[in-house]
Protein chains: 2
Amino acid sequence: MIHESKARLLEAALKVIRTKGYNATRIEDICQEAALTKGSFFHHFKGKEELALAAAEYWSQTTGELFENAPYHDHADPLARLLGYIDFRRDLLRGELPEFTCLVGTMVQEIYETVPAIRNACESSICGHAATLEGDIRAARKKYRPGGDWTDESLALYIQSVLQGSFVLAKARQRTTVAVDNLNHLRRYIEMLFPSFKPETGS
Amino acid sequence: MIHESKARLLEAALKVIRTKGYNATRIEDICQEAALTKGSFFHHFKGKEELALAAAEYWSQTTGELFENAPYHDHADPLARLLGYIDFRRDLLRGELPEFTCLVGTMVQEIYETVPAIRNACESSICGHAATLEGDIRAARKKYRPGGDWTDESLALYIQSVLQGSFVLAKARQRTTVAVDNLNHLRRYIEMLFPSFKPETGS
DNA sequence: AGGTATATACCGACTGATTGGTATGTTGTC
DNA sequence: GACAACATACCAATCAGTCGGTATATACCT
């Protein structure tokens, strides 16, 4: 089991980095947010970069669990599961921006050229999550045989791109509505990609 | 007319910020890139924040001109112009990442909560650019009368979101292919949104 | 033409504040 | 007493911003 103070530091890191970005985040900001001191911080982490790696790992795990346990998996139909994922993502767009924004998407923009280790961690996190959608996409394709020249992977990554872009625009506009509208566009696209699919009644 | 050294500093700022992000960019990095000194920098700009605002303004202007003079405006059909824009954006995805990546999209992720003035400038830049698409979208809608519950503005912003998200994913994967695939998905979506449109022959 | 005043453009040494990281504790627990 | 978990004082490096100074150009006066 992970130590409580370490978990507090990681939670604090998520909050501060998602708010101020990685580079502007001072180690003492995180300590303050976690109500601990630098002594404790450097006891648990070698330095800022190791924290970022741990935070990305922690992020992958916690969000992974969130999506694993999400209700959209209950649909019998694979395409319904995929659309359910979109709806679930849309429902997550609540509260303040740093609460629903993506940690690794924020970090990778800053360090993609300068800190390869963090970039790799961000890539794993994003692409690993995208990969969880590929099974349903493949199954939906097999079932509904849609046309079009695209791969399962490219659609999964497209979905993630729309999400990441929605966060950027939401930050620029300081409003959530753009993100909601975008997910509605995305949902419509996926529905149109599978014209032979008839949506179930109900939510 | 803008002073040559000031323009050099702005160009240098674009390059460095797009590579390292805003916060990690040191004023001396920019001076070095521009082959000038801090004395010159502080002669032209009050400080880092004023530089960021000037850079955003400069970015809006130069990219504005690029798109104004782009060939996609030559199409007679408004939807062909919109699709031409997508193709044009796809053709821009050449060279190294910092060369085709968006300055203001990069900056806004870092400072959206901490520097309102820069955030406003980024919002203006992105939304101002998006607004240049709305005319063609509106005209295409009038001409082709598509169904669906969406607004001109939301589609324009969706297009920008896909672009911004593509940059994030491209940075994470260190490859351009994701971005190209995404624009192909986006193009397909727009084509499907307007089912009564028959694409012209040719490019 | 010569002289001088003023402003712009630029240089580079310096400073003060910040901050990542360290070193040295102190406390609690097995 | 040994070690983990934290605290605190401190150090060294970095960097935004300052400041005094130089070079060049233009304008104005005599």
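A, B, ... follow the sequence lines: proteins, then strands. Residue 1 opens every chain.
Stacking of B:Lys143 on the aromatic ring of B:Phe197 is not recorded, the 6.0 Å distance cut-off and the 45° axial limit not both being met.
With sequence neighbours excluded, the residues that form a side-chain contact (heavy atoms from CB on, under 4.5 Å) with A:Lys20 are A:Val16, A:Ala24, A:Thr25, A:Asp29, B:Thr114. Under the side-chain contact (heavy atoms from CB on, under 4.5 Å) criterion, A:Pro71 pairs with A:Asp74, A:Phe88, not counting sequence neighbours. Among residues two or more places apart in sequence or in another chain, the side-chain contact (heavy atoms from CB on, under 4.5 Å) test is passed with A:Pro146 by A:Arg141, A:Trp150, A:Phe194. Partners of B:Tyr189 under the side chain to side chain donor-acceptor pair (under 3.5 Å) rule, at least two apart in sequence or in another chain, are A:His185, A:Arg188. By the side-chain contact (heavy atoms from CB on, under 4.5 Å) test, A:Ala156 is found to be paired with A:Ala130, A:Leu133, A:Glu134, A:Ile137, residues two or more places apart in sequence or in another chain being considered.
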Hey, can you pull the donor-acceptor pairs under 3.5 Å for the side chains in residues 165-176 of chain B, sequence neighbours left out?
{"from": "B:Ser166", "atom 1": "OG", "to": "B:Val162", "atom 2": "O", "distance (Å)": "2.6"}
{"from": "B:Ser166", "atom 1": "OG", "to": "B:Asn182", "atom 2": "ND2", "distance (Å)": "3.1"}
{"from": "B:Lys171", "atom 1": "NZ", "to": "A:Gln109", "atom 2": "OE1", "distance (Å)": "2.4"}
{"from": "B:Lys171", "atom 1": "NZ", "to": "B:Thr106", "atom 2": "OG1", "distance (Å)": "3.1"}

Determine all donor-acceptor pairs shorter than 3.5 Å in which one atom belongs to a side chain in residues 91-98 of chain A; sequence neighbours excluded.
none

Acceptor/donor pairs from residues 32-47 of chain A side chains to any protein atom, 3.5 angstrom cut, sequence neighbours excluded:
{"from": "A:Glu33", "atom 1": "OE2", "to": "A:Lys15", "atom 2": "NZ", "distance (Å)": "3.2"}
{"from": "A:Lys38", "atom 1": "NZ", "to": "A:Glu28", "atom 2": "OE2", "distance (Å)": "3.4"}

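Protein chain B contacts DNA chain D over a range whose 5' and 3' limits, counting nucleotides with an atom under 4.0 angstrom from a non-hydrogen atom, are D:dC15 to D:dT18.
Here the P atom of nucleotide C:dT22 and the CZ atom of A:Phe45 are 15 Å apart, to the nearest Å. We find that NZ of A:Lys46 is positioned 16 Å from C1' of C:dT22, with the value rounded to whole Å.
Listed by first and then second residue, the ring pair (Phe, Tyr, Trp, His ring centres under 6.0 Å) pairs that reach into residues 100-126 of chain A come to none, sequence neighbours excluded.
Contacts between residues 12-24 of chain A and DNA chain D, counted as heavy-atom distances below 4.0 Å, involve no residue at all. Using a 4.0 Å cut-off on heavy atoms, the residues of residues 29-44 of chain B that approach DNA chain D are B:Lys38, B:Phe42, listed by number.
Projected onto DNA chain D by closest heavy-atom contact, A:Glu28 and B:Arg26 fall at different nucleotides, the more 5' of which corresponds to A:Glu28.
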